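What you see is a predicted model; the values in this text were computed from it and never measured. For the numbers below, each heavy atom of this structure counts, side chains included, while hydrogens, waters and symmetry mates do not. Proteins come first, then strands; the chains are lettered A, B, ... in the order of their sequence lines, and each starts at number 1.
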Amino acid sequence: MCFLFPMLVLTAEKNKFKSMSVLSRSFYTRTDVVRIARELLGKYLVTQLNGRLTCGIICETEAYAGVSDRASHAFGGRRTHRTEIMYSTGGTAYIYLCYGMYSLFNIVTNQKDIPHAVLIRGIKPTEGLETIRQRADIKEIKKDIGIGPGKVSKILGIHYTQTGHDLTQKPMNKIEFGIWLEDRGMNIDPNKILSGPRIGVQYAGKDAMLPYRFQISL
DNA sequence: CATAGGATCGCCT
DNA sequence: GGCGATCCTATGT
């Protein structure tokens with residue numbers, strides 16, 4: 001037992017380190033975008049902009065399964081100036097403008113040239129609440145402040161001009177711009193995950209009914 | 001070049 | 001639940 005004890009401590013330390021880690025390339029380059037969309041629930045989405053750190057727990061996602069998914073911008077292998085970023089390696093940000101005024105934040109997944117992506121539809125803010133309140137242009141923070149893909153970007157300072165950003169790199173200092181994700185060891189009970197059809201994709205025919213939307217209540 | 005429409009939101013009724 | 005805001009994107013001439 002006295003030989004085993006230090007090993008247990010080491011294992012605990014190792015797990016602790018792992019539980020605070022920035023999500024790495026290998027998390028994003030896996031092939032199952034629907035699984036990744038589920039696993040992103042409970043992860044922390046962090047931005048640093050103009051020296052301000054803001055952060056929230058991801059609580060709603062949608063998977064977009066590339067060339068075979070009629071709801072995806074990359075359906076049929078379409079490549080345009082806008083969608084080109086979707087063909088990057090997993091762990092790249094795909095951010096585009098919706099309805100002329102909302103930047104929508106997506107995470108590219110899978111290997112290069114396979115245009116899968118996960119749309120982040122909701123977060124629960126945890127850090128930088130005063131900055132978030134200012135960006136939202138409201139007097140007091142309410143519970144639904146981070147619910148809705150347009151709101152996620154607005155409160156975190158994410159803008160469509162940042163599309164293509166590498167999500168696996170933290171900024172090198174307190175000033176540099178960055179968007180990244182962290183696993184802080186939050187455990188999500190699979191039974192608590194709600195799933196259903198994606199929002200706003202009625203044009204996608206039968207694919208509009210796929211249960212690719214996932215959410216948890218926090 | 002012109003134009004229709006969009007992976008939305010907040011305010012109004 | 002209905003609607004306007006607001007402008008880029010994709011497509012067609």
Side-chain angles (χ1 to χ4, degrees), chain A residues 28 32-41 43 45 47 54 56 58-88 90 92-110 114-125 132-165 167 179 181 193-216:
Chain A
Y28 300 111
D32 188 345
V33 66
V34 176
R35 176 179 175 185
I36 294 172
R38 293 180 74 101
E39 290 181 3
L40 282 169
L41 297 173
K43 300 297 189 289
L45 176 59
T47 65
T54 48
I58 295 171
C59 57
E60 186 175 340
T61 63
E62 280 176 359
Y64 286 85
V67 300
S68 64
D69 181 356
R70 300 192 88 87
S72 170
H73 292 163
F75 174 67
R78 207 149 49 104
R79 295 181 95 116
T80 65
H81 177 67
R82 179 178 67 153
T83 61
E84 188 62 31
I85 288 295
M86 297 186 82
Y87 295 81
S88 308
T92 304
Y94 169 51
I95 312 167
Y96 70 94
L97 191 73
C98 188
Y99 295 109
M101 51 177 94
Y102 300 109
S103 289
L104 266 53
F105 174 70
N106 299 255
I107 298 170
V108 175
T109 69
N110 215 312
I114 301 179
H116 289 182
V118 176
L119 171 66
I120 305 302
R121 292 195 61 94
I123 61 167
K124 179 184 181 178
I132 283 171
R133 189 194 62 74
Q134 290 172 5
R135 287 178 182 149
D137 196 24
I138 53 172
K139 288 206 173 73
E140 293 197 37
I141 299 235
K142 288 174 152 180
K143 211 168 65 178
D144 67 347
I145 181 73
I147 304 302
K151 290 154 100 180
V152 169
S153 293
K154 185 176 183 184
I155 67 178
L156 293 182
I158 294 172
H159 193 259
Y160 68 92
T161 53
Q162 298 154 356
T163 194
H165 194 80
L167 302 174
I179 313 174
L181 285 88
I193 299 177
L194 304 175
S195 65
R198 294 168 291 186
I199 302 294
V201 298
Q202 60 284 351
Y203 58 86
K206 62 176 174 21
D207 290 339
M209 295 170 2
L210 293 170
Y212 282 2
R213 178 186 182 210
F214 303 101
Q215 55 186 333
I216 49 172

Student: Going by heavy atoms in the side chains, are Leu181(A) and Ile107(A) under 4.5 Å from each other?
Tutor: yes
Student: Contact list please: residues 60-74 of chain A against DNA chain B, heavy atoms, distance less than 4.0 Å, in numerical order.
Tutor: Tyr64(A), Ala71(A), His73(A)
Student: Is there a side-chain contact between Tyr64(A) and Val33(A) (heavy atoms, below 4.5 Å)?
Tutor: no
Student: Which residues, if any, of residues 146-153 of chain A bring a heavy atom under 4.0 Å of DNA chain B?
Tutor: Gly148(A), Pro149(A), Gly150(A), Lys151(A)
Student: Using the C1' atoms only, state how far dG5(B) lies from dC3(C), rounded to an integer number of Å.
Tutor: 16 Å
Student: State, to 0.1 Å, how close Ile95(A) and Ser103(A) come at their nearest heavy-atom pair, and which atoms those are.
Tutor: CG2-CB, 4.0 Å
Student: Arg213(A): which residues meet the salt bridge (charged side-chain N to carboxylate O under 4.0 Å, His left out) condition with it, sequence neighbours left out?
Tutor: Glu60(A)
Student: Of all nucleotides in DNA chain B that come within under 4.0 Å of a heavy atom of chain A, which is furthest toward the 5' end and which toward the 3' end?
Tutor: dG6(B) to dG10(B)
Student: Would you mind reporting whether Asp69(A) and Phe75(A) have side-chain heavy atoms less than 4.5 Å apart?
Tutor: no
Student: Are the side chains of Pro115(A) and Arg79(A) in contact, using a 4.5 Å heavy-atom criterion?
Tutor: no
Student: Can you give me the closest heavy-atom contact between Ile155(A) and Gly146(A), atom names plus distance?
Tutor: CD1-CA, 3.8 Å
Student: Taking it one step at a time, do Thr92(A) and Ile85(A) satisfy side chain to side chain contact (heavy atoms under 4.5 Å, CB included)?
Tutor: CA-CA 8 Å; Thr92(A) 304; Ile85(A) 288 295; 4.0 Å; yes
Student: Classify every nucleotide of nucleotides 3-13 of chain C by which part a protein heavy atom approaches to under 4.0 Å, writing B for the base, S for the sugar-phosphate alone and - for neither, in 5'-to-3' order.
Tutor: --BBBSSSS--
Student: Quiz question: by atom type and distance under 3.5 Å, do the side chains of Gln162(A) and Tyr160(A) form a donor-acceptor pair?
Tutor: no
Student: In Å and rounded to the nearest 0.5 Å, what is the NZ to CD1 distance from Lys43(A) to Ile123(A)?
Tutor: 15.5 Å
Student: Is it true that Arg198(A) and Glu62(A) have a side-chain N and a carboxylate O under 4.0 angstrom from each other?
Tutor: no
Student: Mind checking side-chain contact (heavy atoms from CB on, under 4.5 Å) for Gln134(A) and listing every partner two or more places apart, or none if nothing turns up?
Tutor: Arg52(A), Glu130(A)
Student: Can you list the residues that meet the side-chain contact (heavy atoms from CB on, under 4.5 Å) rule with Ile138(A), with sequence neighbours excluded?
Tutor: Arg133(A), Ala136(A), Ile145(A)
Student: Which of residues 32-41 of chain A have a heavy atom under 4.0 Å from DNA chain B?
Tutor: none
Student: Starting from the C-alpha separation in whole Å, work towards a yes-or-no answer on side-chain hydrogen bond (donor to acceptor under 3.5 Å, both in side chains) for His73(A) and Tyr94(A).
Tutor: CA-CA 11 Å; His73(A) 292 163; Tyr94(A) 169 51; 2.7 Å; yes
Student: For Ile36(A) and Tyr28(A), work out which heavy atoms get closest and say how close.
Tutor: CD1-O, 3.8 Å
Student: If a stem is a run of at least 3 consecutive Watson-Crick or G-U pairs, both distances under 3.5 Å, which stems include DNA chain C?
Tutor: B:1-6 with C:7-12, B:8-12 with C:1-5
Student: Is a donor from one side chain sitting under 3.5 angstrom from an acceptor on the other, for Thr54(A) and Arg135(A)?
Tutor: yes
Student: Hey, does the Lys NZ or Arg CZ of Arg82(A) hover above the aromatic six-ring of Tyr96(A), less than 6.0 Å from the centre and inside 45° of the axis?
Tutor: yes
Student: Any residue in residues 203-215 of chain A with a heavy atom nearer than 4.0 angstrom to DNA chain B? Just list them by number, or reply none.
Tutor: Tyr203(A)
Student: Name all residues meeting the side-chain contact (heavy atoms from CB on, under 4.5 Å) criterion together with Pro149(A); count only those two or more places apart in sequence or in a different chain, and write none if there are none.
Tutor: Leu104(A), Leu119(A), Arg121(A)
Student: Which residues pass the side-chain contact (heavy atoms from CB on, under 4.5 Å) test with Thr61(A), sequence neighbours left out?
Tutor: Ala37(A), Leu40(A), Leu41(A), Ile58(A), Val118(A), Ile120(A), Phe214(A)
Student: When you measure from the centre of the six-membered ring of Tyr203(A), is the NZ or CZ of Arg70(A) under 6.0 Å away and within 45° of the axis?
Tutor: no
